[in-house]
Trainee: 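Handing you this structure, nothing more for now.
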Amino acid sequence: QVELVESGGDLVQPGESLRLSCTASVSTIRFNPMGWFRLAPGKQRELVATATTGGKTNYADSVKGRFTISRDNAKNTVYLQMNSLKPDDTAVYYCAASSKRSVVALSALRDYNYWGQGTQVTVSS
């Protein structure tokens, strides 16, 4: 029932920046945690960042200080600002929304039930 529409993936050089956007089709999802996960070739899907409607956030250690997750609850939209991109950041990035209402920035894959189609981020010189 929940559709997540993503945009912003691109091919960039190391050190450059990108901003990913994800909009949910159902407004009530804004009460639930939302976030970003990524999948690189040959690897498992992993946490990038998650956020609650109240502003609580959780980041993977590999992106702390470089990536920022934010939400515009009025627009049912979550963003991921990615700065100082590295080749290791190359992956398909997926927007996700939890089916449960929580004040905790849930970070486990099992806590997220709705997923976007993914957007490719490639960092290469």
Trainee: For residues V26 and Y114: do they belong to one hydrophobic cluster (side chain heavy atoms under 4.5 Å, members Ile, Leu, Val, Met, Phe, Trp, Tyr)?
Mentor: yes

Trainee: How many angstroms lie between CZ in R19 and OG in S70, if you round to the nearest 0.5 Å?
Mentor: 7.5 Å

Trainee: Between V48 and V78, is there a shared hydrophobic cluster once you connect ILVMFWY residues whose side-chain heavy atoms come closer than 4.5 Å?
Mentor: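 Yes.
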
Trainee: So, N76 versus T23: side-chain donor-acceptor pair below 3.5 Å or not?
Mentor: no

Trainee: Below 4.5 Å, heavy atoms only, C-beta onward: do T68 and Y59 meet side chain to side chain?
Mentor: yes

Trainee: Between the side chain of E6 and the main-chain N/O of G118, is any donor-acceptor distance below 3.5 Å?
Mentor: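 Answer holds: yes.
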
Trainee: Restricting to non-hydrogen atoms, name the atom on A97 and the atom on Y112 that form the minimum distance, rounded to 0.1 Å.
Mentor: C-CD2, 3.4 Å

Trainee: Using every non-hydrogen atom in the two residues, find where S125 and P14 come nearest and quote the distance to one decimal.
Mentor: N-CD, 3.7 Å

Trainee: To the nearest 0.5 angstrom, please state how far the OG atom of S98 sits from the CZ atom of R110.
Mentor: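 Rounded to the nearest 0.5 Å, the OG-CZ separation comes out at 11.5 Å.
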
Trainee: If hydrophobic clusters are built from ILVMFWY residues whose side chains come within less than 4.5 Å, do V63 and V92 share one?
Mentor: no

Trainee: Which residues, ordered by chain and number, are linked to V5 in its hydrophobic cluster, where ILVMFWY side chains connect at heavy-atom gaps below 4.5 Å, directly or through other members?
Mentor: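 Besides V5, the hydrophobic cluster comprises nothing; the residue is isolated.
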
Trainee: A side-chain contact here means heavy atoms from C-beta on lying under 4.5 Å apart; do T52 and V103 qualify?
Mentor: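 T52 does not reach V103 side chain to side chain.
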
Trainee: With side-chain contact (heavy atoms from CB on, under 4.5 Å) as the test, pick out the partner of L20 among Y79, W36, F67.
Mentor: W36

Trainee: Just verifying a value: how many Å separate I69 CD1 and Q81 CD, rounded to the nearest 0.5 Å?
Mentor: 12.0 Å

Trainee: Quick check: closest heavy atoms across V12 and S17, and the distance to 0.1 Å?
Mentor: CG1-O, 4.5 Å

Trainee: So, K64 and D61, do they make that salt bridge, N to O below 4.0 Å?
Mentor: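 So K64 pairs with D61 through a salt bridge.
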
Trainee: Please give me the minimum heavy-atom distance between T53 and R71, naming the atom from each residue.
Mentor: N-NH1, 3.3 Å

Trainee: Could you tell me which residues satisfy side-chain contact (heavy atoms from CB on, under 4.5 Å) with K43, sequence neighbours excluded, listed by chain and number?
Mentor: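 Here the qualifying residues are A40.
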
Trainee: When you measure from the centre of the six-membered ring of F31, is the NZ or CZ of R101 under 6.0 Å away and within 45° of the axis?
Mentor: yes

Trainee: Does the plane of the ring in W115 sit parallel, tilted or perpendicular to the ring in Y94? Use 30° and 60° as the thresholds.
Mentor: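 Answer is perpendicular, since the angle exceeds 60°.
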
Trainee: Same cluster or not: M34 versus L47, using hydrophobic residues (I, L, V, M, F, W, Y) connected whenever any side-chain heavy atoms lie under 4.5 Å apart?
Mentor: no

Trainee: Looking only at heavy atoms, what is the nearest atom pair of N32 and S99, with distance?
Mentor: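 That would be ND2-C, 3.5 Å.
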
Trainee: Can a donor-acceptor pair be found, under 3.5 Å and without considering hydrogens, that links the side chain of T50 to the backbone of L106?
Mentor: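 A pair under 3.5 Å: yes.
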
Trainee: Taking the side chain as every heavy atom from C-beta outward, state whether R38 and S62 have any atom pair closer than 4.5 Å.
Mentor: yes

Trainee: Mind checking whether Q44 and L109 have side chains closer than 4.5 Å, heavy atoms only?
Mentor: no

Trainee: Looking at D89, V123, V121, which one forms a side-chain contact (heavy atoms from CB on, under 4.5 Å) with M82?
Mentor: V121

Trainee: With distance as the sole test, does T77 use its side chain to make a donor-acceptor pair with the main-chain N or O of D72 at under 3.5 Å?
Mentor: no

Trainee: Answer yes if the side chains of T90 and T122 hold a donor-acceptor pair under 3.5 Å, and no otherwise.
Mentor: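 Side-chain D/A pair, T90 to T122: absent.
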
Trainee: Between A49 and L80, which heavy-atom pair has the shortest distance, and what is it?
Mentor: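 Nearest pair, atom of A49 first, then L80: CB-CD1, 4.3 Å.
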
